[in-house]
Engineer: 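The structure's right below; bear with me while I get my questions together.
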Amino acid sequence: MFNVSDLKLDGRALIDGKRVQGAAVFSKTSPVDGRVLCEVTRGGEAEIDLAVTAARAAFEDARWRGLAPAQRKRVLVKFSDLLLAHADELALTETLDMGKPVRYARAVDVNSAANCIRWYGEAVDKVYDEIAPTGKSSLALITREPVGVVGVIVPWNYPMIMAAWKIAPALAAGNSIVLKPSEKSPLTALRLAELALEAGIPPGVFNVVPGFGQEAGEPLALHMDVDCIAFTGSTKVGKRIHVMAGLSNLKRAWTELGGKSPNIVFADCPDLDRAVEAAVGSVFFNQGESCNAPSRLLVEASIKDKFLEKALALVPRYAPANPLLPDTIMGALVDKTQMDTVLGYIAAGQSEGAKLIAGGAQVMGDTGGFYVEPTIFDGVTNRMRIAQEEIFGPVLSVLSFTDAAEAVRMANDSIYGLQAAVWTSDINKAHGVARALKAGTVHVNQYDEDDITVPFGGVKQSGVGRDKSLHAFDKYTELKTTWIRIDSPL
Ligand code: NAD
């Protein structure tokens with residue numbers, strides 16, 4: 001049994017296989033209760049440059065990319081095993097760092113990250129290159145090559161999973177990495193890099209530099225020797241990432257951004273109780289800090305009252321509690337800034353005329369942590385800010401519609417297009433609506449089904465590119481064509 005008192009937190013950067021203090025540090029506090037966790041390297045241009053230089057050297061001398069795919073597989077499988085061997089430690093660190101319930105940090109975050117690393121390790125010696133169907137006087141090989149040095153910038157809501165979705169395919173393909181975790185949740189990323197070394201990933205291949213966005217993220221995105229930048233975060237910063245890629249060396253830029261996912265429930269929904277459980281459970285999971293949270297609930301007007309009655313009955317289940325306790329399912333928001341943002345949106349919803357029917361307030365303030373009640377607004381219209389803007393907290397906006405065309409029009413009336421759902425017993429309606437929805441993923445009669453085998457990402461301002469599945473290799477490899485002349489009389 002691993003306890004908080006057993007944790008030895010180390011916030012120093014990890015560059016070229018060694019811990020590096022860096023020129024400056026910041027104090028990392030916990031959103032659970034405000035306690036100081038440790039000092040963390042406040043990376044800047046110098047530390048980013050050091051890490052990129054180490055990653056470039058590792059890439060050029062081929063200490064990792066030069067290994068046969070089956071050898072990289074063995075190391076990545078060991079890396080995955082090490083995550084599982086340290087699951088309790090990693091889960092506790094994640095909870096203290098960003099406030100999510102430890103039961104989910106253990107069961108979801110550690111397991112998903114480990115599974116992702118194993119899956120790409122297992123995959124890499126099973127994908128083949130191509131030979132083009134050209135004439136017999138030549139042979140045209142189409143091969144995939146690693147891009148080179150990959151900069152990775154991730155957010156704080158699923159720190160290990162977001163990192164794994166990028167580092168696993170990038171490492172499997174043979175790239176070198178400089179990862180900048182969020183300043184709000186840097187600790188598990190640093191531990192992952194240590195475990196990678198222990199598994200046999202050579203020094204310099206996987207570097208981690210913690211720090212703030214403008215101080216460490218920008219030098220990474222602007223760096224002339226970084227070949228690809230893989231970003232997950234807000235749409236606002238994602239746009240800047242594409243600009244920085246263009247202003248520097250035209251590095252490949254991939255962005256997984258925000259969402260305001262519509263969840264459409266028709267009156268002929270096959271199982272109303274399941275729909276209610278999914279609507280409430282998915283929007284409050286991870287304190288509502290999920291990019292794909294179904295935060296816009298569109299219910300057919302004829303069943304709205306019945307639906308909301310059932311939804312309100314579930315709300316007490318999600319009352320916030322100390323996330324270090326094993327039964328807690330709603331923990332702390334990541335910090336005071338995020339809590340104030342969420343409370344600000346709740347105030348905006350009220351002033352714009354939406355009806356607050358559950359929650360709406362900060363709770364557990366005496367703990368020194370940042371907790372907000374699960375909150376539901378009825379009577380929302382699509383022009384309100386709480387229908388259009390990503391809140392990233394436990395707030396559900398409920399709208400109603402009268403027919404499928406209106407539901408689709410409202411659902412698509414958004415700058416985002418990450419996920420969507422439709423609940424109906426009518427197979428034709430399900431297909432028609434799913435096809436009409438502008439989203440990277442559409443769920444039918446369920447929400448939040450997830451598997452490493454399927455692509456994840458959005459359309460419109462939800463970003464560019466896809467994480468997960470074999471398609472993620474497209475981000476971290478370049479196609480090369482090699483023409484070989486064949487002079488043969490046969
Ligand atoms: P954020 O954009 O504020 O920060 C994300 C990362 O970018 C952090 O590491 C931050 O330090 C860094 N950053 C900030 N400013 C930067 C700059 N100028 N240059 C370079 N880097 C910079 O987002 P956040 O608040 O950490 O995360 C929440 C957002 O992430 C939400 O919008 C959420 O929807 C999105 N998200 C998307 C997905 C997805 O797969 N689509 C998954 C998880 C989270």
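Just so it is clear, the model here is predicted, and its values are computed rather than measured. For ligands, and for the atoms within them, numbers begin at 1 and follow the listed sequence.
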Engineer: In this structure, are over 12 heavy atoms from other groups packed under 6.0 Å from E122 atom CD?
Structural biologist: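 Enclosed: over 12 neighbouring heavy atoms sit under 6.0 Å from CD of E122.
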
Engineer: Under 3.5 Å, is there a donor-acceptor pair linking the side chains of E389 and Y345?
Structural biologist: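 Checked: E389/Y345 side chains pair up, N/O donor to acceptor below 3.5 Å.
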
Engineer: Say whether, by atom type as modelled, one donor and one acceptor occur between the side chain of T328 and the main chain of N322 under 3.5 angstrom.
Structural biologist: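 Checked: pair present.
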
Engineer: Examine the side chains of H443 and Q419 and answer whether a donor and an acceptor come within less than 3.5 Å of each other.
Structural biologist: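 The answer is yes; a qualifying pair exists.
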
Engineer: Please indicate whether H242 has more than 12 foreign heavy atoms, meaning atoms of other residues, nucleotides or ligands, lying under 6.0 Å from its NE2.
Structural biologist: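 Enclosed: over 12 neighbouring heavy atoms sit under 6.0 Å from NE2 of H242.
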
Engineer: Write out each pair where an N or O from ligand 1 and one from the protein are under 3.5 Å apart, with the distance.
Structural biologist:
| residue | atom | partner | partner atom | Å |
| --- | --- | --- | --- | --- |
| ligand 1 | 2 (O) | S234 | N | 2.8 |
| ligand 1 | 2 (O) | S234 | OG | 2.6 |
| ligand 1 | 9 (O) | V154 | O | 2.8 |
| ligand 1 | 9 (O) | K180 | NZ | 3.1 |
| ligand 1 | 11 (O) | K180 | NZ | 2.9 |
| ligand 1 | 11 (O) | E183 | OE1 | 2.7 |
| ligand 1 | 11 (O) | G213 | N | 3.4 |
| ligand 1 | 18 (N) | E218 | OE2 | 2.9 |
| ligand 1 | 23 (O) | S234 | N | 3.4 |
| ligand 1 | 25 (O) | W156 | NE1 | 3.0 |
| ligand 1 | 26 (O) | W156 | NE1 | 3.1 |
| ligand 1 | 30 (O) | G233 | O | 3.3 |
| ligand 1 | 32 (O) | E390 | OE1 | 2.6 |
| ligand 1 | 34 (O) | E390 | OE1 | 3.4 |
| ligand 1 | 34 (O) | E390 | OE2 | 2.5 |
| ligand 1 | 41 (N) | L257 | N | 3.3 |
| ligand 1 | 41 (N) | L257 | O | 2.8 |

Engineer: Is a side-chain donor or acceptor of Y120 paired with a backbone partner of L470 at a separation under 3.5 angstrom?
Structural biologist: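 No; judged by distance alone, with no hydrogens or angles, the pair does not exist.
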
